[in-house]
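Data first, discussion second: the structure below is written as structure tokens.
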Amino acid sequence: MLDELILNSAGRFVTVKFYKKSGELRTLNGRMGVIKALRHPVGVGVNHLDKDAYITIWDMQKKGYRSIARDSIVSVSILSLIHISEPTR
């Protein structure tokens, strides 16, 4: 459910809290739909991640793409609205 909020954010800034693979809780401020840093033109490159398990988002602080496991998302904030859920891990 929270992953769908991120996917439907339409380029708005989102804040996502999630658990990293190491178990550490991380807060990411980012946007969907950023194409400025792609190595290849849109539609040419390949993303080998499982799209059912991960979301790829642009991290505004680290200025790079990051992948978030969908089942590790704890909360999503869009337009000052905070949506919270317990992860299934």
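- The CE atom of M60 sits 10.5 Å away from atom OG1 of T15, with the distance rounded to the nearest 0.5 Å.
- Residues R31 and V14 have side chains not in contact (no heavy-atom distance under 4.5 Å, counting atoms from C-beta outward).
- At distances below 3.5 Å, not a single donor-acceptor pair connects side-chain atoms of R70 with backbone N or O atoms of L2.
- Hydrophobic cluster membership is shared by L28 and L5, with clusters built from Ile, Leu, Val, Met, Phe, Trp and Tyr side chains linked at under 4.5 angstrom.
- Between the side chain of S75 and the backbone N or O of I84, no donor-acceptor pair lies under 3.5 Å.
- One distance of note links NE2 of H83 with OG of S77; it measures 7.5 Å at 0.5 Å rounding.
- Residues I57 and L49 do not share a hydrophobic cluster, defined by chaining ILVMFWY side chains whose heavy atoms lie under 4.5 Å apart.
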Exercise. Run the side chain to side chain contact (heavy atoms under 4.5 Å, CB included) check on I73 and I6 step by step: do they pass?
Worked result: CA-CA 10 Å; I73 299 171; I6 298 168; 3.7 Å; yes

For this session: Evaluate the criterion side chain to side chain contact (heavy atoms under 4.5 Å, CB included) for residue pair N8 and M32; output intermediate values, then yes/no.
Result: CA-CA 9 Å; N8 295 321; M32 293 293 296; over 6 Å; no

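- Here CG of L25 is found 10.5 Å from NZ of K20. Values are rounded to the nearest 0.5 Å.
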For this session: Show your working on side chain to side chain contact (heavy atoms under 4.5 Å, CB included) between I68 and V16 and close with a plain yes or no.
Result: CA-CA 9 Å; I68 301 172; V16 183; 4.0 Å; yes

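- Under the side-chain hydrogen bond (donor to acceptor under 3.5 Å, both in side chains) criterion, the residue pairs touching residues 56-66 are R26-D59, N47-T56, with sequence neighbours excluded.
- Atom CZ of F13 is separated from atom OG of S80 by 13.0 Å, given to the nearest 0.5 angstrom.
- Remark: S67 OG to K21 NZ distance equals 8.5 Å, nearest 0.5 Å.
- Annotation: the span from T27 atom OG1 to F18 atom CZ amounts to 8.5 Å, rounded to 0.5 Å.
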